[in-house]
S.K.: 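The structure that follows is given in the form of structure tokens.
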Amino acid sequence: MAVRDDAGRAGRVQGAAAPPGRAAARFDRPEVDAFTRPYWAAAAEGRLLLRRCRAEGCGAVHHYPREFCPRCWSEDVAWEPATGRATLYTWSVVHRNDLPPFGDRVPYVAAVVELAEGPRMMTEVTDCAASDLRIGMPLAVHFRPVPAAGSGDGPAGGGGCAVPVFRPA
């Protein structure tokens, strides 16, 4: 797949073109590591987790998951369940995306939502026409299954995961 960098030079996205007999690379799979494994395991079960600082006098909730509190820098943070409620903060309708599998989904709504617990999160809004979107509209989380690497485009399972996306509440 040809792309252009900031200087306008042509190039290729690594892994975008599949060799004969192999599935094309997908760019919607999270990189799961030991630290984020609880987050992705919960998502696969349909639960959204956040991190909360347990340092005295702080208590900040944050997302994306980090091993320290971005407010006070304490390393005394823990996973906790989120309500799954949010409001729409901003959005953009994506009409072109050449990275698999996003090209098959256009147009789609890339968004930032404000979670009921306070942090903002980048995500996608689904099940809603772009013309019906409004700043501050209430949203609820649901989860898009993502197949495991090498499992084709079938349902998540056998190592697949799920990513949180939102729809009107």
Side-chain angles (χ1 to χ4, degrees), residues 1 3 5-6 13-16 18 22-92 94 97-105 108-126 138-167 169:
M1 167 191 341
V3 295
D5 65 10
D6 292 340
V13 172
Q14 284 294 80
R22 291 191 57 199
R26 292 180 60 120
F27 292 87
D28 62 340
R29 286 191 188 99
E31 290 188 27
V32 179
D33 58 25
F35 171 69
T36 62
R37 188 165 283 112
Y39 178 84
W40 295 115
E45 296 170 357
R47 298 180 298 118
L48 181 62
L49 295 181
L50 299 173
R51 299 283 280 175
R52 180 178 296 275
C53 180
R54 298 187 300 192
E56 189 174 332
C58 185
V61 179
H62 63 271
H63 186 81
Y64 63 93
R66 287 165 271 199
E67 295 187 53
F68 61 91
C69 174
R71 181 172 160 208
C72 74
W73 298 92
S74 171
E75 293 180 6
D76 188 9
V77 291
W79 296 105
E80 72 173 35
T83 63
R85 294 187 322 259
T87 57
L88 185 58
Y89 182 77
T90 190
W91 77 91
S92 180
V94 178
N97 187 334
D98 294 332
L99 297 175
F102 300 106
D104 295 336
R105 296 181 189 155
Y108 63 89
V109 176
V112 176
V113 299
E114 190 165 287
L115 299 170
E117 294 79 7
R120 292 183 185 148
M121 172 181 184
M122 291 183 65
T123 186
E124 181 179 344
V125 175
T126 64
L139 302 169
V141 72
H142 67 110
F143 294 85
R144 173 183 287 132
V146 178
S151 67
D153 288 326
C161 65
V163 295
V165 294
F166 287 76
R167 61 178 153 220

S.K.: What pairs of residues pass the salt bridge (Lys or Arg N to Asp or Glu O under 4.0 Å) test when at least one of them lies in residues 35-53, not counting sequence neighbours?
M.R.: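 As it turns out, the salt bridge (Lys or Arg N to Asp or Glu O under 4.0 Å) pairs with a partner in residues 35-53, which skip direct neighbours, are Glu45-Arg47, Arg52-Glu80.
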
S.K.: Run the side-chain contact (heavy atoms from CB on, under 4.5 Å) test against Asn97 and tell me which residues pass, sequence neighbours left out.
M.R.: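 Asn97 satisfies side-chain contact (heavy atoms from CB on, under 4.5 Å) with Val94, Leu99, Phe102, Val106, Tyr108 once adjacent residues are dropped.
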
S.K.: Mind checking what makes salt bridge (charged side-chain N to carboxylate O under 4.0 Å, His left out) contact with Arg120, not counting sequence neighbours?
M.R.: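 By the salt bridge (charged side-chain N to carboxylate O under 4.0 Å, His left out) rule, Arg120 matches Glu114.
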
S.K.: Partners of Ser92 by side-chain contact (heavy atoms from CB on, under 4.5 Å), sequence neighbours excluded?
M.R.: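 Not a single residue meets the side-chain contact (heavy atoms from CB on, under 4.5 Å) criterion with Ser92.
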
S.K.: Specify the closest pair of heavy atoms between Leu48 and Phe143, including all atoms of both residues, with the distance to one decimal.
M.R.: N-CZ, 3.7 Å

S.K.: Please name the pair of heavy atoms, one in Thr83 and one in Glu117, separated by the smallest distance, quoted to 0.1 Å.
M.R.: N-OE2, 2.6 Å

S.K.: Just checking Phe35 against Trp79, ring centres under 6.0 Å apart?
M.R.: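 Between Phe35 and Trp79, the centre distance is under 6.0 Å.
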
S.K.: Measure across Leu49 and Pro38 and return the closest heavy-atom pair with its distance rounded to 0.1 Å.
M.R.: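 Result for this residue pair: CD1-O, 3.5 Å.
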
S.K.: Compare all side-chain heavy atoms of Thr123 with those of Trp91 and state whether any distance is below 4.5 angstrom.
M.R.: no

S.K.: Tyr64: what forms a ring pair (Phe, Tyr, Trp, His ring centres under 6.0 Å) with it, not counting sequence neighbours?
M.R.: none

S.K.: Between Arg144 and Thr126, is any pair of side-chain heavy atoms under 4.5 Å apart?
M.R.: yes

S.K.: Quick one: closest heavy-atom pair of Trp40 and Pro30, and the distance?
M.R.: CZ2-CB, 3.3 Å

S.K.: So, using side-chain contact (heavy atoms from CB on, under 4.5 Å) as the criterion, who are the partners of Ala55 when residues are at least two apart?
M.R.: Cys53, Cys58, Cys72, Ser74

S.K.: Taking only residues at least two apart or on different chains, which pairs with a member in residues 53-71 satisfy salt bridge (Lys or Arg N to Asp or Glu O under 4.0 Å)?
M.R.: Arg54-Asp76

S.K.: With sequence neighbours left out, what residues match Thr90 under side-chain contact (heavy atoms from CB on, under 4.5 Å)?
M.R.: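 Testing Thr90 for side-chain contact (heavy atoms from CB on, under 4.5 Å), a comparison that skips the adjacent residues, returns Val112.
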
S.K.: Excluding sequence neighbours, so at least two apart, what forms ring pair (Phe, Tyr, Trp, His ring centres under 6.0 Å) with Tyr39?
M.R.: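 Result, ring pair (Phe, Tyr, Trp, His ring centres under 6.0 Å) vs Tyr39: His63.
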
S.K.: Report the C-alpha separation of Val141 and Val165 in whole Å, then their side-chain angles, then the decisive distance to 0.1 Å, and conclude whether the side-chain contact (heavy atoms from CB on, under 4.5 Å) test is met.
M.R.: CA-CA 6 Å; Val141 72; Val165 294; over 6 Å; no

S.K.: Locate the shortest heavy-atom distance separating Ala111 from Val125; write the atom from each residue and the value.
M.R.: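 Smallest interatomic distance, heavy atoms only, reads CB-CG2, 3.7 Å.
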
S.K.: Work out which heavy atom in Val77 is nearest to a heavy atom in Cys69; give both atom names and the distance.
M.R.: CG1-N, 3.8 Å

